[in-house]
Amino acid sequence: MPDPKDPQDLRRQRVLATIDSIPRGRVATYGGVAEEAGLPGHARYVARVLRELPPGQFLPWHRVVGAGGHIRTQGQTATRQARLLRAEGIAVKGGRVDLAGHGEPW
DNA sequence: CGTCTGACGGTAA
DNA sequence: ATTACCGCCAGAC
């Protein structure tokens with residue numbers, strides 16, 4: 001286990017905790033998650049954390065989308081994300097979700 | 001240190 | 001709608 005006092009790890013934990021707090025049926029943007037985690041301007045960092053997330057983790061990673069509701073994942077991952085979103089009642093059309101109806105809970 | 005790379009965000013064409 | 005840039009920033013090398 002990584003040292004929980006390591007500031008690097010704390011930062012990541014805050015991001016993960018924020019994503020974990022996204023309710024079912026809602027989505028959040030990378031930038032929104034970053035801001036909520038106290039890291040304004042670090043949208044790319046959020047993406048990195050998710051990208052390197054070990055598979056099988058319980059985390060609603062699929063609820064994180066790009067600005068404007070765009071799905072930014074690629075290939076099979078994008079397919080899975082769309083399926084998971086639709087499974088909780090979020091429509092995905094043209095690689096995009098309706099932010100107006102399912103936007104960030106913050 | 002300098003460079004390169006992005007599951008980003010925004011703008012311009 | 002697409003493509004090309006640009007600004008940004010943590011990491012890897």
Side-chain angles (χ1 to χ4, degrees):
Chain A
M1 280 290 278
D3 180 355
K5 294 214 286 61
D6 175 32
Q8 288 244 52
D9 190 59
L10 283 177
R11 229 170 34 190
R12 190 177 63 259
Q13 293 307 320
R14 286 212 309 282
V15 169
L16 294 177
T18 301
I19 294 174
D20 200 39
S21 77
I22 306 172
R24 194 168 187 285
R26 315 285 300 278
V27 296
T29 63
Y30 294 92
V33 170
E35 193 174 326
E36 187 65 15
L39 300 168
H42 290 240
R44 292 189 106 140
Y45 176 68
V46 173
R48 171 186 280 288
V49 170
L50 289 181
R51 193 206 317 155
E52 296 171 353
L53 188 65
Q57 284 284 305
F58 168 71
L59 197 85
W61 60 270
H62 58 280
R63 297 183 191 146
V64 183
V65 299
H70 291 91
I71 300 294
R72 301 291 286 242
T73 47
Q74 295 294 306
Q76 184 183 230
T77 310
T79 307
R80 266 193 304 241
Q81 181 168 17
R83 179 174 52 75
L84 289 168
L85 287 174
R86 285 193 262 253
E88 48 188 81
I90 301 176
V92 183
K93 295 183 57 172
R96 200 161 54 102
V97 307
D98 175 35
L99 271 190
H102 306 94
E104 310 179 337
W106 309 305

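We name chains A, B, ... by the order of the sequence lines, and we start the count at 1 in each one.
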**Prompt:** What pairs of residues pass the salt bridge (Lys or Arg N to Asp or Glu O under 4.0 Å) test when at least one of them lies in residues 58-81 of chain A, not counting sequence neighbours?
**Reply:** A/Arg63-A/Glu88
**Request:** Verify the neighbour count for atom CD of A/Gln57: are there more than 12 heavy atoms of other residues, nucleotides or ligands below 6.0 Å?
**Result:** yes
**Asked** Would you call A/Arg14 and A/Leu39 a side-chain contact if the rule is heavy atoms closer than 4.5 Å?
**Response** yes
**Asked** So do A/Leu50 and A/Thr73 actually touch side chain to side chain, heavy atoms under 4.5 Å?
**Response** no
**Close side-chain approach of A/Arg12 to A/Tyr45, heavy-atom, < 4.5 Å** = yes
**Asked** Mind checking whether A/Trp106 and A/Val33 have side chains closer than 4.5 Å, heavy atoms only?
**Response** yes
**Asked** In terms of heavy-atom contacts, does CD of A/Glu35 have more than 12 from other residues, nucleotides or ligands at under 6.0 Å?
**Response** no
**Request:** Kindly say whether A/His70 contributes a backbone atom to a donor-acceptor pair with the side chain of A/Arg96 at under 3.5 angstrom?
**Result:** no
**Asked** With a 4.5 Å heavy-atom cut-off, do A/Thr18 and A/Val46 have their side chains touching?
**Response** no
**Prompt:** So, the side chain of A/Glu36 versus the backbone of A/Ile19: is there a donor-acceptor pair under 3.5 Å, distance only?
**Reply:** no
**Item:** Within residues 16-27 of chain A: residues closer than 4.0 Å to DNA chain B (heavy atoms)
**Value:** none
**Within residues 84-106 of chain A: residues closer than 4.0 Å to DNA chain C (heavy atoms)** = none
**Asked** Which part of the nucleic acid does A/Arg12 contact within heavy-atom distance under 4.0 Å: base, sugar-phosphate only, or nothing?
**Response** nothing
Quick test: give all pairs of protein nitrogen or oxygen and nucleotides 7-11 of chain B nitrogen or oxygen below 3.5 Å, distance rounded to 0.1 Å.
{"unit_1": "B/dA7", "atom_1": "OP1", "unit_2": "A/Arg51", "atom_2": "NE", "d": "3.0"}
{"unit_1": "B/dA7", "atom_1": "O4'", "unit_2": "A/Arg72", "atom_2": "O", "d": "3.1"}
{"unit_1": "B/dA7", "atom_1": "N3", "unit_2": "A/Tyr30", "atom_2": "OH", "d": "3.1"}
{"unit_1": "B/dC8", "atom_1": "OP1", "unit_2": "A/Arg72", "atom_2": "NE", "d": "2.5"}
{"unit_1": "B/dC8", "atom_1": "OP1", "unit_2": "A/Arg72", "atom_2": "NH2", "d": "3.1"}
{"unit_1": "B/dC8", "atom_1": "N3", "unit_2": "A/Arg44", "atom_2": "NH1", "d": "3.1"}
{"unit_1": "B/dC8", "atom_1": "N4", "unit_2": "A/Arg44", "atom_2": "NH1", "d": "2.8"}
{"unit_1": "B/dC8", "atom_1": "N4", "unit_2": "A/Arg44", "atom_2": "NH2", "d": "3.1"}
{"unit_1": "B/dG9", "atom_1": "OP1", "unit_2": "A/Gly31", "atom_2": "N", "d": "3.1"}
{"unit_1": "B/dG9", "atom_1": "OP2", "unit_2": "A/Ala67", "atom_2": "N", "d": "2.7"}

**Request:** Would you write the dot-bracket representation of DNA chain B, where each base gets (, ), [, ], | or . depending on whether it forms a Watson-Crick or G-U pair under 3.5 Å and with which partner?
**Result:** .|||||.||||||
**Request:** Identify, with sequence neighbours excluded, every residue that meets side-chain hydrogen bond (donor to acceptor under 3.5 Å, both in side chains) alongside A/Arg48.
**Result:** A/Glu52
**Request:** Could you check A/Gln81 against A/Val65 for side chain to side chain contact (heavy atoms under 4.5 Å, CB included), going step by step and ending with a plain yes or no?
**Result:** CA-CA 10 Å; A/Gln81 181 168 17; A/Val65 299; 4.0 Å; yes
**Asked** If we only count heavy atoms from C-beta on, is the A/Val27 to A/Ile22 side-chain gap below 4.5 Å?
**Response** no
**Prompt:** Taking the P atom of each, how far is C/dC8 from B/dA12, in whole Å?
**Reply:** 16 Å
